[in-house]
Student: 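This structure is in C-alpha cells; I'll ask about it shortly.
Computation of the quantities below employed the complete heavy-atom set of this structure, encompassing side-chain atoms and omitting hydrogens, waters and symmetry-equivalent molecules.
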Amino acid sequence: FEGDQTDVSANQFFYHDRGYWHEFQHRALDFYRSTKWYRTGDPVQSAASSRGAEFKRLPVPDDAGVGTFADAMLISLRSDWEVCGSKTFVAGSLLSLPLGDCIEGNFDHVQVLFQPTERSSLQDSACTKDFMVMSILNNVRTELKYWEYLGSGRWQEKMSDAPGGGVPIGCDVSVSPVWPADSNDVWLIKDGYLQPDLLQLASAA
C-alpha cells in the first residue's frame with residue numbers, strides 16, 4: 001500500500017473493537033478529504049500479507065469520517081450525501097449500518113443516530129462497551145443523549161429521566177469512557193458559570 005506524491009499522508013492501521021478485528025487503509029488527499037479501504041483484520045497475518053481478505057474501497061464520501069463499533073460502521077458527514085438518488089443524509093449527521101452492508105454499498109438499512117437542526121449540532125460522542133453517549137449543543141445548551149447497541153448496526157435510544165440528559169442549565173460537560181473494552185463507566189467533567197469544576201464517575205447504563 002502506498003500513496004501518491006500529492007497526498008498529505010497515507011497510513012494503514014489495525015485494531016480490535018468489541019470482539020471484532022478491523023483493518024483500514026487511508027490516503028489523505030488534503031486536510032479534509034481521504035479515500036478509505038477496509039478489510040476484516042486477521043491478527044495472525046502481517047499488515048503486508050496478501051493471504052487474508054482483500055481490501056475494498058469504502059463507497060462513502062471522501063470528506064466523511066468513518067469508524068467502527070463492534071460490527072457496525074459509523075459514518076459522520078461533513079457535507080450532504082445523496083445515496084442511490086433516493087435518500088439524502090444532511091451534513092453533520094451521524095449514521096450507523098452493518099459493516100458488511102457498507103462494504104458492499106448497500107445503504108438500505110442506515111440508521112440515523114443524529115441529524116442536526118437549525119439550533120442543534122453534534123459536539124462529540126463517547127463509546128463504552130455497550131453504549132454511545134452523545135454531547136449535543138441544543139439552543140446553546142449542552143445535552144447528553146444515550147444509545148444502547150443492539151448488534152448488526154442497530155441502536156436503541158435510552159431516554160434519561162433528567163432534563164438535558166442530566167446536564168444542568170448553564171453547565172458544560174465533557175464525557176470520556178473509562179475502559180470501553182469491558183466497562184460502561186464514563187468520566188464526566190462539568191464546569192460552568194453556576195457550576196464549579198467537577199469530575200464525576202458515572203455509568204452510561
Side-chain angles (χ1 to χ4, degrees), residues 17-18 26 28 30-34 36 58 60-70 72-83 87-97 102 107 109-150 153-180 183-205:
D17 180 8
R18 300 169 179 84
H26 281 195
D30 53 36
F31 290 107
Y32 304 101
R33 299 180 302 120
S34 64
K36 310 160 189 71
L58 296 178
V60 300
D62 287 345
D63 64 347
V66 297
T68 61
F69 189 106
M73 183 70 78
L74 301 176
I75 305 172
S76 56
L77 299 181
R78 294 189 179 94
S79 58
D80 292 353
W81 181 27
E82 185 177 347
V83 178
K87 297 180 182 178
T88 298
F89 301 108
V90 301
S93 296
L94 178 62
L95 315 176
S96 175
L97 74 160
C102 184
F107 300 105
H109 305 291
V110 172
Q111 181 179 9
V112 180
L113 300 181
F114 178 81
Q115 179 172 299
T117 66
E118 292 182 352
R119 297 180 178 273
S120 67
S121 61
L122 180 61
Q123 291 183 296
D124 200 2
S125 62
C127 293
T128 69
K129 180 176 180 291
D130 304 296
F131 291 84
M132 179 189 296
V133 183
M134 293 182 178
S135 298
I136 298 170
L137 190 64
N138 185 15
N139 284 315
V140 202
R141 174 186 176 183
T142 300
E143 299 178 347
L144 298 182
K145 191 174 184 179
Y146 306 87
W147 290 92
E148 181 179 9
Y149 189 60
L150 304 178
R154 304 302 296 176
W155 300 76
Q156 180 179 6
E157 185 176 358
K158 306 294 287 186
M159 303 304 296
S160 173
D161 295 332
V167 182
I169 294 176
C171 179
D172 193 16
V173 62
S174 63
V175 184
S176 58
V178 174
W179 189 251
S183 171
N184 287 315
D185 291 341
V186 294
W187 294 112
L188 301 177
I189 301 178
K190 295 180 179 179
D191 65 87
Y193 56 88
L194 297 177
Q195 169 71 62
D197 291 357
L198 179 67
L199 173 64
Q200 293 178 309
L201 177 64
S203 174

Student: Measure the shortest side-chain to side-chain distance between His109 and Leu97 over non-hydrogen atoms and say whether it is less than 4.5 angstrom.
Tutor: no
Student: Trp187 and Leu199: side chain to side chain contact (heavy atoms under 4.5 Å, CB included), yes or no, with the steps?
Tutor: CA-CA 7 Å; Trp187 294 112; Leu199 173 64; 3.9 Å; yes
Student: Among all residues two or more places apart in sequence or in another chain, which pass the ring pair (Phe, Tyr, Trp, His ring centres under 6.0 Å) test with Trp155?
Tutor: Phe69, Tyr149
Student: Please find the pair of heavy atoms, one from Arg18 and one from Pro180, that lie closest to each other, and give the distance.
Tutor: NH2-CB, 3.8 Å
Student: Can you name the side-chain contact (heavy atoms from CB on, under 4.5 Å) partners of Val60, sequence neighbours left out?
Tutor: Lys36, Leu58, Val66, Ile75, Trp81, Cys102
Student: What pairs with Arg154 under salt bridge (charged side-chain N to carboxylate O under 4.0 Å, His left out), at least two apart in sequence or on another chain?
Tutor: none
Student: Donor-acceptor pair, Thr88 side chain versus Glu82 backbone, under 3.5 Å?
Tutor: no
Student: Any donor and acceptor pair, going by atom type alone, linking the side chain of Arg141 with main-chain N or O of Val167 inside 3.5 Å?
Tutor: yes
Student: In a table with atom names and distances, give each donor-acceptor pair under 3.5 Å that connects a side chain of residues 157-164 to protein atoms at least two apart or in another chain.
Tutor:
from: Lys158; atom 1: NZ; to: Glu148; atom 2: OE1; distance (Å): 3.4
from: Ser160; atom 1: OG; to: Ala162; atom 2: N; distance (Å): 3.2
from: Ser160; atom 1: OG; to: Ala162; atom 2: O; distance (Å): 3.4

Student: Backbone N or O of Ala70 within a donor-acceptor pair of the Asp17 side chain at under 3.5 Å?
Tutor: yes
Student: Considering residues at least two apart in sequence or located in another chain, which fulfil the salt bridge (charged side-chain N to carboxylate O under 4.0 Å, His left out) criterion with Asp63?
Tutor: none
Student: Ignoring hydrogens and angles, write down the donor-acceptor pairs under 3.5 Å from the side chains of residues 127-137, residues two or more places apart or on other chains.
Tutor:
from: Thr128; atom 1: OG1; to: Phe131; atom 2: N; distance (Å): 3.1
from: Thr128; atom 1: OG1; to: Phe131; atom 2: O; distance (Å): 3.4
from: Thr128; atom 1: OG1; to: Asn184; atom 2: OD1; distance (Å): 2.8
from: Asp130; atom 1: OD2; to: Asn184; atom 2: ND2; distance (Å): 3.0

Student: Are more than 12 heavy atoms from other residues, nucleotides or ligands located less than 6.0 Å from atom CD1 of Ile169?
Tutor: no
Student: At their closest point, which heavy atom of Gly65 faces which heavy atom of Arg78, and how far apart are they?
Tutor: N-NH1, 4.1 Å
